[in-house]
Structure formats: C-alpha cells, structure tokens
Amino acid sequence: MPDLRVSVLGAAGFAGGELLRLLAAHPAVGSLRAFSASHAGRPWSDVHLPFRNAPGGRFEQPDPGAAAAADVVFLALPHGESQRVVPRLLEGDPGLVVDLAADFRIANPATFALAYGEHRAPGLLGEFTYALADVLGADLAGRRRLAAPGCFATAVLLALVPFAEAGLLAEPPVAFAVTGSTGAGARPRRTTHHPFRAHGFTGYAREGHRHRLEVGEQLAGRGGPGEVRLLVHAAPLVRGIHVTVHARLARPVPRPLDLLAERWEGRPFVHVVPAPPELPAVVGTNHAHVHATPLAGGREVVVDVAIDNLVKGAAGQAIQAMNLALGLPETLGLEHSGLAPC
Ligand SMILES: NC(=O)c1ccc[n+]([C@@H]2O[C@H](COP(=O)([O-])OP(=O)(O)OC[C@H]3O[C@@H](n4cnc5c(N)ncnc54)[C@H](OP(=O)(O)O)[C@@H]3O)[C@@H](O)[C@H]2O)c1
C-alpha cells in the first residue's frame, strides 16, 4: 500500500471537509495537509465536526507551492479560483491533480465561455480528463490531471450514459433535479438559510443550469444528442440529489431496467434498484441508486437516480478517480454503507 502525501486546497468548505473526512481514513493516505485562508492555524475540528471524534490537523495558509509538494492535490475551491491556482500548482509538478470545481470540466473553450466566461488558462483545458469514475473505470489509470464532474451532472449522466451509448436518445432529454442545501457551499445565503430552506422548495437557474453544458459535452461524446434540459430545484434537505430524467427513445426499449443492469454490471458504486431510489439509502456514501420505468410501450423512459452530492457528487467520486488513476482498488476508503434514517 502506498503512503500518499495528499494536499487539499479549499479545505474549510463543504466539499473540502468531506475530502478530509474520507482521506483521513483512507488506507493509502500517509499524510494529509489542509489549506484554508480563513482558518489558517486553527484545528480542522473548529470547522469540520467529524474531527471532534477523530484525530485531525491544523489548517495551513494557502500556498500552491507548498500544496504541490504532494503525490495528490485536490482542489475544492469556488469556481474561477482553480483556474487561477492551477497554473502555479503545476509549476511544482504534483503527481496527480483532482479539481472539484467546474474550471476544467469542459474541453471546448467556446462551450466553457457560454457557461462561465473567458477561461484564464484555456491552454490547460485539454490536459484535464472529465473523471466520471463509474463510466471511465480503469481508463483513468495513469491520468494525472482530473476534473471531477458536477453533482447534478454526475446524477444525470449515470441516468443517461447507457441510453446514449446504445444510440437511443432521439432528442434532448429533460432532467428534473432536486438538491440539498450543502450543494450551495458553506457560506450562508438567504436561499440556504434554515428559516427559508427548512420547509421550502423552489426552482432556480431557469435560464439553464451551468451543468447542462458538461452533460451535453459528455453525452455528445458517447453518441447522445449533446444537449439536456436541466431543471433544478432547492429542497429542504441538507445532503443529497434526486434526479428524474424523461427521454424519448429512438426505438422501443420495453425493459430499460435490463439495459441499465447490463451497462452497470460489475461497477461497484452504481446499483440498479428494483423501485425508484430512496435518497436516505445513499446519503453519506459513494453509491448511486438508479431505476428505470418504460412509458408509452418503451418508446419513452423515466430514469430516477439518487446520490449524495458531497460524496458521489464531489469528494467520494474524486477519491474513486484518484484510486483508479493510481491503480489502487477502486473502492479503497469508500466502503461506507450509509446512515439511514438520517
Ligand atoms: N457542495 C457540493 O455539493 C459540491 C458538489 C460538487 C462540486 N462542488 C464544487 O466544489 C467546490 C467547493 O464547493 P463547496 O461547496 O465546498 O464550497 P464552499 O463550502 O464555499 O468552500 C469553498 C472554500 O474555498 C475557499 N476559497 C478560496 N478562495 C475563495 C474565494 N475567492 N471565495 C470564496 N471561498 C474561497 C474557502 O476557504 P478559505 O477562504 O478559508 O480558503 C472556502 O471554504 C466548488 O467549485 C463546487 O462547485 C461542490
């Protein structure tokens, strides 16, 4: 087992905290450094409650040079920060870089600009692999620059990749997606503040959620239509994403559950379940539950997916991708079975 030196930038945030929680218990991680400007010098347990029950370290002042002196660097920074930091980080030539932000997820600079504006380092976009770990599997071995997919994008792609690869998506599917409040990060806002969120439910980003573009690029690369209608909603949950996708199919598939079962056979974290998934069954885990229902005699399909946004949708998938990139067992450090009811 290797004794990996790992750095986490943005370690005081929600995704950063989840990375620390999982990496601290990962059998291949020998040392772990956490960088945070707002909490430099303070113990991890001041911010991340799990470290009140387990040994942790202290946050360090962010320094890409120091962070680069590692075998693996995870970036859990807000969108826009990674593209500022990564060029400096790469000067130190760290072994593996895994970015959890959107900064390197879209290979085409023109598509990137549609969602996020001009990229600061467009020359680096092509260096990153979109690390949809359950789809790429062993193809990630040896990759050194990974862009972890977005949380909505992960759920939607787990629903649609099997149909895209089979040439079944005749037109852009519609995805109705619901997220918990941790999806919006640790900084409090009105829309994440308990009195407004605890019993609320609202749609947002009606002009088009940014994740639709990474989903479109990935679907296009797998025989799909290159476009998805993504309708997102904020729900009174802390963790979790539930997505319901509706698609018209190019030819009838009377038993879509069989198609899903065949595509995900042998993949350790994607479970094709016999009924629409229950979110509490995946919360706190790196597992995804997927179910499909035929409509209109199989000419249409509804696919339901449930994941934990902070684990499968962020830190867990990033660690799964690290395992695969480094040739470690794919499930190493990610074998949690969940905590339900939660
Ligand atoms: N939350 C999710 O469910 C989720 C899922 C998938 C992907 N992601 C992605 O993961 C990244 C981190 O998300 P998060 O939810 O963990 O965000 P967060 O809770 O807001 O944490 C981001 C951290 O980045 C640091 N930071 C550095 N420069 C900053 C700046 N200019 N403005 C604000 N913060 C800055 C902050 O810590 P210091 O200021 O102390 O350094 C902060 O703790 C994002 O790119 C997000 O899109 C999140």
Side-chain angles (χ1 to χ4, degrees), residues 7-22 33-44 46-48 58-64 66-67 73-86 88-89 97-106 115-116 120 128 130-133 146-157 177-189 191-192 205 209-211 213-215 232 234-235 237-243 279 282-284 286 288 306-321:
S7 296
V8 178
L9 287 154
F14 282 159
E18 202 66 359
L19 280 166
L20 293 182
R21 181 177 77 85
L22 295 170
R33 297 177 73 176
F35 296 87
S36 158
S38 58
H39 295 85
R42 290 168 57 186
W44 301 349
D46 275 10
V47 182
H48 301 308
R58 285 182 183 273
F59 292 105
E60 299 177 49
Q61 193 62 42
D63 173 355
V73 181
F74 290 94
L75 295 102
L77 299 167
H79 171 71
E81 281 299 304
S82 291
Q83 54 191 283
R84 206 175 56 76
V85 169
V86 161
R88 283 193 284 151
L89 190 67
V97 174
V98 188
D99 182 30
L100 276 74
D103 297 47
F104 296 96
R105 289 182 195 151
I106 294 176
Y116 302 105
R120 283 170 177 262
F128 279 74
Y130 189 81
L132 190 61
L146 304 179
C151 46
F152 282 127
T154 297
V156 174
L157 286 166
V178 174
T179 182
S181 54
T182 51
R187 186 175 293 176
R189 295 180 206 149
T191 50
T192 55
H209 190 277
R210 291 167 164 189
H211 286 188
L213 295 170
E214 63 182 88
V215 171
V232 296
L237 308 164
V238 173
R239 280 176 186 251
I241 284 187
H242 186 288
V243 171
L279 203 46
V282 295
V283 165
N286 195 49
I307 63 169
D308 184 316
N309 56 299
L310 289 176
V311 188
K312 170 53 72 190
Q317 177 164 224
I319 292 169
Q320 183 185 351

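Order of listing sets the numbers, starting from 1, for every ligand and every atom in it. Nothing fancy with the numbering, it's 1 onward along the sequence.
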Worksheet entry | Residue and atom name of the nearest protein heavy atom (relative to atom 19 (O) of ligand 1), distance in Å to one decimal | Ala186 N, 2.7 Å
Item to complete: State, yes or no, whether a side-chain contact exists between Leu157 and Tyr130 at a heavy-atom distance under 4.5 Å.
Response: yes
Worksheet item: What protein heavy atom sits nearest atom 41 (O) of ligand 1, and how far off is it?
Response: Ala37 N, 2.9 Å
Worksheet, complete the sentence: among protein heavy atoms, the one nearest atom 4 (C) of ligand 1 is Ala314 CB, 4.2 Å
Worksheet item: Which protein heavy atom lies closest to atom 3 (O) of ligand 1, and at what distance to 0.1 Å?
Response: Asn309 ND2, 2.8 Å
Worksheet item: With a cut-off of 6.0 Å (strictly less than), are more than 12 heavy atoms of other residues, nucleotides or ligands near CZ of Arg120?
Response: no
Discussion item. For Ile241, run the side-chain contact (heavy atoms from CB on, under 4.5 Å) check against Ile307, Thr154, Val282 and tell me which one passes.
Written reply: Ile307
Discussion item. Suppose I only count heavy atoms of Phe14 and a 4.0 Å limit; which atoms of ligand 1 are within that range?
Written reply: 16 (O), 19 (O)
Worksheet item: Between Glu18 and Arg239, is there a salt bridge with N-O shorter than 4.0 Å?
Response: yes
Worksheet item: How about Phe74 and Leu9: do any of their side-chain heavy atoms sit closer than 4.5 Å?
Response: no
Worksheet item: Can you check whether a protein heavy atom sits less than 4.0 angstrom from atom 33 (C) of ligand 1?
Response: yes
Worksheet item: Which residue and non-hydrogen atom of the protein lie closest to atom 15 (O) of ligand 1, and at what distance in Å?
Response: Gly185 CA, 3.2 Å
Discussion item. With a heavy-atom distance limit of 4.0 Å, tell me whether Thr182 approaches ligand 1 through its side chain, its backbone, both, or neither.
Written reply: backbone
Worksheet item: Do any N/O atoms on Pro149 end up under 3.5 angstrom from N/O atoms on ligand 1?
Response: no
Practice prompt. Looking only at protein heavy atoms, identify the closest one to atom 45 (O) of ligand 1 and say how far it is in Å.
Written response: Leu77 O, 2.7 Å
Worksheet item: Is there a salt bridge (charged side-chain N to carboxylate O under 4.0 Å, His left out) between Lys312 and Asp308 once you walk through the steps?
Response: CA-CA 6 Å; Lys312 170 53 72 190; Asp308 184 316; over 6 Å; no
Worksheet item: Going by heavy atoms in the side chains, are Thr179 and Val232 under 4.5 Å from each other?
Response: no
Fill in: The one among Ala11, Ser38, Ala15, Gly180 that brings a heavy atom closest to atom 39 (O) of ligand 1
Ser38
Discussion item. Measuring from atom 8 (N) of ligand 1, which candidate in Leu310, Leu100, Leu75 has the nearest non-hydrogen atom?
Written reply: Leu100
Discussion item. For atom 35 (C) of ligand 1, tell me which residue out of Gly10, Gly240, Ala315, Pro78 has the closest non-hydrogen atom.
Written reply: Pro78
Worksheet item: Any protein heavy atom lying closer than 4.0 Å to atom 10 (O) of ligand 1?
Response: yes
Worksheet, complete the sentence: re atom 12 (C) of ligand 1, the protein heavy-atom contact at minimum distance is Ala76 O, 3.3 Å
Worksheet item: Do any N/O atoms on Gly313 end up under 3.5 angstrom from N/O atoms on ligand 1?
Response: no
Worksheet item: Considering only protein heavy atoms, which is closest to atom 21 (O) of ligand 1, and at what distance to one decimal place?
Response: Gly13 CA, 3.1 Å
Discussion item. Tell me the contacting part of His79 for ligand 1: side chain, backbone, both, or neither, using a 4.0 Å heavy-atom threshold, strictly below.
Written reply: backbone
Worksheet item: Roughly how far, to the nearest 0.5 Å, is CZ of Arg105 from CZ of Arg210?
Response: 10.5 Å
Practice prompt. Please work out which of the three classes, parallel, tilted or perpendicular, describes the rings of Trp44 and Phe59, given edges at 30° and 60°.
Written response: tilted
Worksheet item: Just distances here: any N/O of Arg105 and N/O of ligand 1 closer than 3.5 Å?
Response: no
Practice prompt. Please say whether more than 12 non-hydrogen atoms of neighbouring residues, nucleotides or ligands are located less than 6.0 Å from CZ in Arg189.
Written response: no
Worksheet item: Taking it one step at a time, do Gln317 and Asn286 satisfy side-chain hydrogen bond (donor to acceptor under 3.5 Å, both in side chains)?
Response: CA-CA 7 Å; Gln317 177 164 224; Asn286 195 49; over 6 Å; no
Worksheet item: Counting both backbone and side chain atoms, is some N or O of Pro62 under 3.5 Å from an N or O of ligand 1?
Response: no
Worksheet entry | Heavy-atom check, side chain of Phe128 versus side chain of Val86, under 4.5 Å | yes
